[in-house]
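So you know, we letter chains A, B, ... as the sequences are listed, proteins then strands, and number each from 1. This one's a predicted model, so the numbers in the text were calculated from it and none came from an experiment.
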Protein chains: 2
Amino acid sequence: MPRTSTKADAPVRRVASGYRLEDQAGFLLRRAYQRASSNLVDRIGSYDLTAPQYATLARLYERGALSQNLLGRLVAMEPANIRDVVLRLKKRRLVATRRDATDKRLILIDLTTAGVALVEQLIPIEIECTATTLAPLKADERRLLYGLLGRLAEG
Amino acid sequence: MPRTSTKADAPVRRVASGYRLEDQAGFLLRRAYQRASSNLVDRIGSYDLTAPQYATLARLYERGALSQNLLGRLVAMEPANIRDVVLRLKKRRLVATRRDATDKRLILIDLTTAGVALVEQLIPIEIECTATTLAPLKADERRLLYGLLGRLAEG
DNA sequence: TCGTTATCGTTATGATCATAACGATATGCC
DNA sequence: GGCATATCGTTATGATCATAACGATAACGA
């Protein structure tokens, strides 16, 4: 019998009921995202880019110049976070910023020519990477997963 | 015509091809996880617990005392990260640590009585929270999603 | 017009995350 | 026994993340 008596913070034993962490959606989603993110970093890591940084560049490539705040919403990042990402990308001359002429609150972000060139290199790699992530699933299962995830994210 | 001429880092325009960030698995998974995590924090935030902290406590509740390293693997955290989580939980007296008698490398982590009491309060809340996250889906869709996510995480 | 409200970006704080390098201890094999 | 290898925990660095509070600017309504 282990001595779990006197000390106030002594370890305790118990029996787990029907609850399992693996049955919780958040835990499953976290692990799946870890896997996907790790797949991406494996491939674009040599470019010294993270997944959120890539998403930011890709969004700018799709949409052209955007205000920092809107850019953040479009990549699902809070204002304080997109700011830091933009700063890092700006330091590397992948994006450029300028003030909006009519709305003095806005900072417009856009890709530089170097940023465009990099994104165009990366897009095919990201598409391959998505294929790797989804490799365990068949085509119809992938479509199913996308639909389900989309509905989860929308709420 | 905007003046994108002289400056080296001047913004550039371009046309997006068939590529869409929304079609990339990593981005979808990140947003779905954000949603799930936010649902959880909305409910257990008043306990000053994060999702990873809860997962750590729940795992200890299921399994009893574990080495720090194994605990980390069971909640999908690197050694450096689980260390910090354990430190925070220990500071709040929710877990206790002790040295393994036979293997001097190991630090055994276990719930305190306070930790057990907290987990038992939190488990029903987490189950509700998972229900909230999965609310957009029907029962058969939830099972489907779990199966697909599980296969993604396994690789 | 003036005052209220909303939006944008910043700052600060604290908690994940991943990675690499390192010492200490175990384990394996010879 | 002794040495190579593996595992465990730590440290350090840097990049997300979320939240709250704040000043500046816009937008809106009385």
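For residues 124-137 of chain A, the set of pairs meeting the salt bridge (Lys or Arg N to Asp or Glu O under 4.0 Å) definition, not counting sequence neighbours, comprises A:Arg43-A:Glu128. The list of salt bridge (Lys or Arg N to Asp or Glu O under 4.0 Å) pairs with a residue in residues 68-84 of chain B, not counting sequence neighbours, is empty.
Looking at heavy-atom distances under 4.0 Å, B:Thr102 makes contact with sugar-phosphate atoms alone, never a base.
Not counting sequence neighbours, A:Asn81 has no partner by the side chain to side chain donor-acceptor pair (under 3.5 Å) test. Applying the side chain to side chain donor-acceptor pair (under 3.5 Å) criterion to A:Thr130, with sequence neighbours excluded, gives B:Gln24. With sequence neighbours excluded, the residues that form a side chain to side chain contact (heavy atoms under 4.5 Å, CB included) with A:Arg142 are A:Leu134, A:Leu137.
In this structure, CG of A:Asp100 is placed 13 Å from C1' of C:dT7, rounded to the nearest angstrom.
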B/S/- along nucleotides 9-22 of chain D (protein heavy atoms under 4.0 Å) is SBBB--SBBBB---
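Judged by Watson-Crick or G-U wobble contacts below 3.5 Å, the nucleotide D:dA30 has C:dT1 as its partner.
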